[in-house]
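Labels below follow one simple rule: chain letters A, B, ... track the order of the sequence lines, proteins then strands, and each chain is numbered from 1. Treat the numbers as computed from the prediction; the structure is a model and nothing was measured.
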Protein chains: 2
Amino acid sequence: MADLARELGVSMTTISRALSDHHSIGPVTKQAVLKLAKKLNYQPNHLAAALRKGRSKMLGVMVPYIEGRFFASVVHGIETAASRAGYSIIICQSSEDVAQERRNIETLLSAQVAGILVSVSRTTLDFRHFEKVRKHGVPLVFFDRVLEGENINSVVLNDQKGAYLATRHLLAQGCRRIAHLAGPQHLNIYKNRRFGYLEALESYNLQPDDSLIVECDMSVDGGQAATAQLLALPTPPDAVFSAGDSAALGALQLLKSRGVRVPEDVALVGFSNEALTLVAEPNITSVDQRCEEMGQATFRLFTELVEAGSTTLTQRQVVLQPQLFERASSLHLSPK
Amino acid sequence: MADLARELGVSMTTISRALSDHHSIGPVTKQAVLKLAKKLNYQPNHLAAALRKGRSKMLGVMVPYIEGRFFASVVHGIETAASRAGYSIIICQSSEDVAQERRNIETLLSAQVAGILVSVSRTTLDFRHFEKVRKHGVPLVFFDRVLEGENINSVVLNDQKGAYLATRHLLAQGCRRIAHLAGPQHLNIYKNRRFGYLEALESYNLQPDDSLIVECDMSVDGGQAATAQLLALPTPPDAVFSAGDSAALGALQLLKSRGVRVPEDVALVGFSNEALTLVAEPNITSVDQRCEEMGQATFRLFTELVEAGSTTLTQRQVVLQPQLFERASSLHLSPK
DNA sequence: TTGTAAGCGTTATCAT
DNA sequence: ATGATAACGCTTACAA
């Protein structure tokens with residue numbers, strides 16, 4: 001920048017203003033500066049600008065892990081929206097580890113990010129590190145895995161409604177003994193999915209049967225084991241609603257291996273609408289989580305917070321509506 | 001930092017040194033500084049440090065898109081290795097668009113990243129924006145999708161060898177009419193996979209049969225169509241080696257729908273070792289691309305460049321060895 | 001072992 | 001419409 005100033009015989013102030021399109025700058029001067037900048041291929045130093053201005057155009061995004069369709073898609077959504085608005089994103093993984101999560105928060109704060117978007121790790125039980133973020137006046141938005149508490153800005157899927165839709169669908173197909181493969185109940189998403197399941201049963205005036213609700217780790221193996229347990233019941237279920245697709249796959253595998261027909265004997269619905277639902281045979285009905293919309297919405301919520309300024313300490317919740325994709329694993333059941 | 005200095009009655013130099021563990025600092029002073037820093041919860045400003053030092057601990061990573069198992073896994077590998085070494089990563093997507101790629105490079109340079117790791121977009125034909133990176137003295141490493149040219153540091157998979165292993169495996173299982181679902185031949189990865197296929201045939205003194213090589217877009221539908229074409233041949237193949245897993249899945253679906261048994265009538269091998277290979281029935285034999293190792297290797301190559309200093313303008317190539325995972329789709333064939 | 005002071009590349013304030 | 005100058009928070013010669 002000093003070079004430009006010397007070359008053109010003007011002050012650095014003028015250069016700075018011309019480059020940042022300040023209103024009070026001569027159009028002639030401006031053009032001259034821009035031209036010379038191109039010629040000398042001037043490279044702006046965002047670090048210096050950020051240091052001076054006290055805020056950068058960097059956004060911290062933390063997820064438990066970046067692999068896996070869900071988070072990769074959400075991050076894609078965030079990055080796309082962010083880059084359109086001139087933000088770059090710094091990505092961090094907590095690897096489901098609170099300690100790592102804390103370290104990442106430190107790193108992001110040190111990097112003077114303009115905001116932090118986070119999906120918390122499974123092992124997160126205390127939230128002081130997030131308090132710190134607020135103390136620093138850095139906008140904080142949670143997505144998918146959110147914190148219970150006050151003054152939380154978050155974007156979540158309406159998991160309960162998704163589960164409700166899934167279960168209602170099974171009920172509409174004539175199923176009456178619907179089992180639920182539940183996920184770890186300390187995670188809100190899984191708890192809400194169980195609520196949605198119960199809500200749907202209730203809407204049909206059905207009593208929930210505790211023996212039909214099996215908690216598992218949502219892995220393929222977990223789904224198999226849980227399903228084996230269900231088949232061993234005196235009266236086995238006529239449908240299974242799994243809170244995750246992998247466990248649904250496990251269920252499908254086990255049912256097939258036992259000669260149980262899907263959907264004729266047992267109908268099956270999963271959750272997440274992963275790619276595997278279209279690979280399995282039969283294809284698995286599942287609830288879509290609107291990953292990309294979640295990313296976009298998360299970024300949008302961040303910008304809203306920025307515009308609102310740190311003065312207003314509002315709490316905003318964006319709730320996305322899930323969508324059920326009906327497939328062969330739960331369709332065309334013979335009426336009972 | 002000034003606060004700490006005032007509070008302890010020492011200079012900022014001492015503070016700085018204590019915090020960065022400088023050698024010539026009294027252990028007593030150091031402890032005192034660290035303790036007070038904790039108490040006042042001092043937050044270092046990496047931007048300022050980076051500005052002063054001229055180099056940051058940020059790494060730019062650019063991929064065509066972050067969704068999709070392959071790039072997500074590579075990024076995971078990079079991030080994990082990088083964060084262990086104290087680097088944060090800024091992620092960018094080119095969306096397969098050169099213009100976006102150029103903009104991203106500008107952004108990353110402006111952010112004063114310590115290095116740039118990139119997998120180029122499909123539409124990249126001129127490389128001036130990468131030249132610029134070198135002019136700025138910023139280490140540049142390509143992975144997977146690399147640039148042809150001199151002085152290129154890159155990490156790639158040995159695709160040809162992967163295809164060779166896959167085809168040799170089919171040959172060892174007794175197959176002799178092995179078809180190949182080839183990908184778009186302007187991409188070097190698919191070209192190399194075809195070469196590997198041909199090389200394996202040659203190693204068994206088999207003449208390649210052009211009617212057995214079908215180019216398709218590597219989608220599920222593409223794989224189905226290509227396989228239908230193969231089955232219509234006067235002498236259909238006894239095995240299919242697909243350059244991608246999705247197309248392999250398409251092939252499997254079509255074969256099953258036609259009553260062709262896999263692997264008994266037609267054996268099947270894919271490429272990429274995607275999750276779907278373990279969901280399909282039978283599980284599909286596939287070539288693993290070592291995504292995570294690629295990420296690690298890419299980061300390691302970056303650190304080597306840093307250590308070597310900008311003085312040495314070496315060209316380094318890391319070639320990862322693919323690994324064949326043999327599964328039911330190509331195993332236990334009855335001898336012919 | 002510790003302190004002084006300059007400077008990294010910007011931008012904001014105040015003056016002209 | 002433009003310029004001089006200070007400052008953002010940190011590191012590092014150089015000096016003590």
Side-chain angles (χ1 to χ4, degrees), chain A residues 1-34 36-37 40-58 86 88 106-114 135-138, chain B residues 1-34 36-37 40-58 86 88 106-114 135-138:
Chain A
M1 244 173 75
D3 297 354
L4 300 189
R6 204 178 328 103
E7 193 97 2
L8 287 173
V10 297
S11 76
M12 273 180 47
T13 309
T14 306
I15 303 295
S16 172
R17 285 179 176 148
L19 290 171
S20 50
D21 208 25
H22 192 272
H23 65 275
S24 72
I25 198 76
V28 209
T29 335
K30 194 173 116 182
Q31 284 312 315
V33 171
L34 290 177
L36 188 65
L40 301 190
N41 63 81
Y42 158 76
Q43 192 74 38
N45 184 330
H46 287 168
L47 252 52
L51 175 60
R52 178 59 236 249
K53 294 204 275 200
R55 68 207 138 82
S56 74
K57 279 287 206 170
M58 298 275 183
S88 298
E106 292 293 324
T107 308
L108 292 175
L109 288 177
S110 291
Q112 311 295 119
V113 292
K135 281 225 184 67
H136 281 255
V138 173
Chain B
M1 245 174 73
D3 296 353
L4 301 190
R6 201 175 335 100
E7 192 97 0
L8 287 174
V10 299
S11 76
M12 273 181 48
T13 312
T14 306
I15 304 294
S16 171
R17 284 181 177 143
L19 291 171
S20 50
D21 208 25
H22 192 273
H23 65 274
S24 72
I25 199 74
V28 207
T29 334
K30 194 172 115 183
Q31 284 313 316
V33 171
L34 291 177
L36 188 64
L40 300 190
N41 65 80
Y42 158 76
Q43 193 73 37
N45 184 329
H46 288 167
L47 253 51
L51 177 60
R52 174 62 232 252
K53 294 204 274 200
R55 68 207 138 80
S56 75
K57 279 289 208 170
M58 298 275 184
S88 298
E106 292 294 324
T107 308
L108 292 175
L109 288 177
S110 291
Q112 313 295 117
V113 291
K135 280 222 185 68
H136 280 256
V138 174

- Message: Can you confirm whether A:Leu108 sits close enough to A:Met58 that some side-chain heavy atom of one is under 4.5 Å from a side-chain heavy atom of the other?
- Response: no

- Item | Atom pair distance, as rounded to whole Å: CD1 in B:Ile25 and C1' in C:dT2 | 7 Å

- Note on the structure: A:Ile15 atom CD1 is separated from C:dA12 atom C1', nearest whole Å, by 17 Å

- Message: Using the salt bridge (charged side-chain N to carboxylate O under 4.0 Å, His left out) criterion, which residues pair with B:Glu106? Sequence neighbours excluded.
- Response: B:Lys132

- Interatomic distance where CG belongs to A:Leu19 and C1' belongs to D:dT2 [whole Å]: 15 Å

- Message: Contact between B:Leu4 and B:Glu7 at the side-chain level, heavy atoms closer than 4.5 Å - yes or no?
- Response: no

- Atom NE2 of A:His23 and atom C1' of C:dA12: how far apart are they, to the nearest Å? 13 Å

- Could you check whether A:Gly54 gets within reach of a base, just the sugar-phosphate, or nothing at all, counting any heavy atom under 4.0 Å? nothing

- Message: Can you see whether A:Thr14 engages A:Ser11 through a side-chain donor-acceptor pair at a distance of less than 3.5 angstrom?
- Response: yes

- Query: Side-chain contact, heavy-atom cut-off 4.5 Å: A:His46 with A:Lys57?
  - Reply: no

- Query: Can you check the A:His22 NE2 to C:dC14 C1' distance for me, whole Å?
  - Reply: 13 Å

- Item | Under 4.0 Å protein heavy-atom contact, by nucleotide of nucleotides 4-10 of chain C - B base, S sugar-phosphate only | BBBBBBB

- Quick one: list whatever passes salt bridge (charged side-chain N to carboxylate O under 4.0 Å, His left out) with A:Arg52, sequence neighbours left out. none

- Message: How many whole angstroms separate atom NE2 of A:His136 from atom P of D:dG9?
- Response: 12 Å

- Item | Short side-chain N/O contact from A:Thr29 to OP1 or OP2 of D:dT2, under 4.0 Å | yes

- Message: Just the rounded figure in Å: distance from P of D:dG3 to CG of A:Leu4.
- Response: 13 Å

